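As the structure is a computational prediction, the values presented were derived from the model and not from experiment. In what follows, chains are A, B, ... by sequence order, proteins preceding strands, each numbered from 1.
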Amino acid sequence: MLLMVLVGLGGGCGAVLRYVVSGFASRWDNFPSGTLVVNVVGSTLLSVAVYIQPTTSVIYFFNSGLLGAFTTFSTFSYETFRLIEAGRWLLAIFNVLVNLGLCITGVFVGRWFVATIVFGL
Amino acid sequence: MKSVVNFDLGQVLLIAGGGFAGSVLRVLVSGTISGVSGTLVVNVVGSFLLGFFMYSLEYGGFFSRNVRLFVAIGFCGSFTTFSTFALQSAGLDFTGFFVNVLLNVFCCLLAIFAGRSLSIFLFGRGAGWS
């Protein structure tokens, strides 16, 4: 029960942070860059947070709550769908590939960071 | 820079409230259906809800801006997750990676389309909020 409250509090913070950060990232030629920024930053930070192996409370608040809510798949899908609907297929495919590519890269960067910088020094 | 973020405390609380509910439900679902399947389920269900909601807002105009903050940005945004999806995908083997990525992307796009279809079926395409 207490752990679920931690998840909820983290999720509340993550959602507000997502709104603020994606609001500051400007839209370039209708490309949804705000969602891209939160997804890449959130995926990288989650990788760091997982491999650093924190305590259970931190995992529920930060990993599951805050970072889970900070990144979003629904808005990513909706924005991609709107690009397809507008006939901008190339931009839609680019949006999917760049989100996937940079977020997966972020996961490896995060893991590398923990292995070499945090535990390596 | 087109958008400038300026909101009051009430709007912050609406987003945070939606984020609270969405995150708790996501963790409860992934506690029931563990691993990549749980993440796929929350992403598809959340995308369907967002698609239904956004098109109802656009075509029907039933919901106010404040409801959008709670449901779309707060709840749906937090119920679905890209970070866990990326982390889980990176841990899979070559085949599993492509299956998981394609399933999430295509099922969520289909879910948006299904939400849009349900909205048009129920409310038509009136002049809504924009």
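With respect to chain A, the highest number of heavy-atom pairs below 4.5 Å among B:Phe85, B:Phe79, B:Phe75 belongs to B:Phe85. Taking B:Cys76, B:Ser89, B:Gly46 one by one and counting their heavy-atom pairs under 4.5 Å with chain A, the maximum is reached by B:Cys76. Chain A forms more heavy-atom pairs under 4.5 Å with one residue of B:Gly77, B:Gly91, B:Gly51, B:Gly115 than with any other, namely B:Gly77.
At a heavy-atom cut-off of under 4.5 Å, chain B is reached by A:Val96, A:Asn99, A:Leu100 from residues 92-100 of chain A, listed in order of number. Among the residues in residues 58-65 of chain A, those with a non-hydrogen atom closer than 4.5 angstrom to a non-hydrogen atom of chain B are A:Tyr60, A:Ser64, A:Gly65.
Nearest heavy-atom pair, B:Ile112 versus B:Ser47, reported as atom, atom and distance to 0.1 Å: CD1-O, 3.4 Å. Of all the heavy atoms in A:Gly106 and A:Thr44, the pair that sits closest is CA-OG1, 3.2 Å. Across all their heavy atoms, A:Arg18 and B:Gly74 have their closest contact at NH2-O, 4.1 Å. Taking each heavy atom of B:Ser56 and B:Ser119 in turn, the nearest pair found is OG-OG, 2.9 Å. The two residues A:Leu66 and A:Leu17 have their closest heavy-atom pair at CD2-CD1, 4.3 Å. Nearest approach of B:Cys108 to B:Val44, heavy atoms of both residues: SG-N, 3.8 Å.
With a threshold of 4.5 angstrom between heavy atoms, A:Val7 approaches chain B through its backbone and through its side chain. When heavy atoms are compared at a cutoff of 4.5 Å, B:Leu69 approaches chain A solely by way of its side chain, counted from C-beta outward. For a residue to count as touching a neighbouring chain, one of its non-hydrogen atoms must lie under 4.5 Å from one of that chain's; by this rule B:Phe48 does not touch chain A. When heavy atoms are compared at a cutoff of 4.5 Å, B:Val24 approaches chain A by way of both its backbone and its side chain. Neither the backbone nor the side chain of A:Val41 comes within less than 4.5 Å of any heavy atom of chain B. Heavy atoms closer than 4.5 Å to chain A are found in both the backbone and the side chain of B:Phe113.
Residues A:Val37 and A:Leu45 share a hydrophobic cluster, clusters being chains of Ile/Leu/Val/Met/Phe/Trp/Tyr side chains in contact below 4.5 Å. By the criterion of side-chain heavy atoms lying less than 4.5 angstrom apart, applied directly or through intervening Ile, Leu, Val, Met, Phe, Trp or Tyr residues, B:Leu49 is not grouped with B:Tyr59; the two fall into different hydrophobic clusters.
Between B:Thr39 and A:Phe73 there is no side-chain heavy-atom pair separated by less than 4.5 Å. Between B:Phe53 and B:Val67, some side-chain heavy-atom pair lies under the 4.5 Å cut-off.
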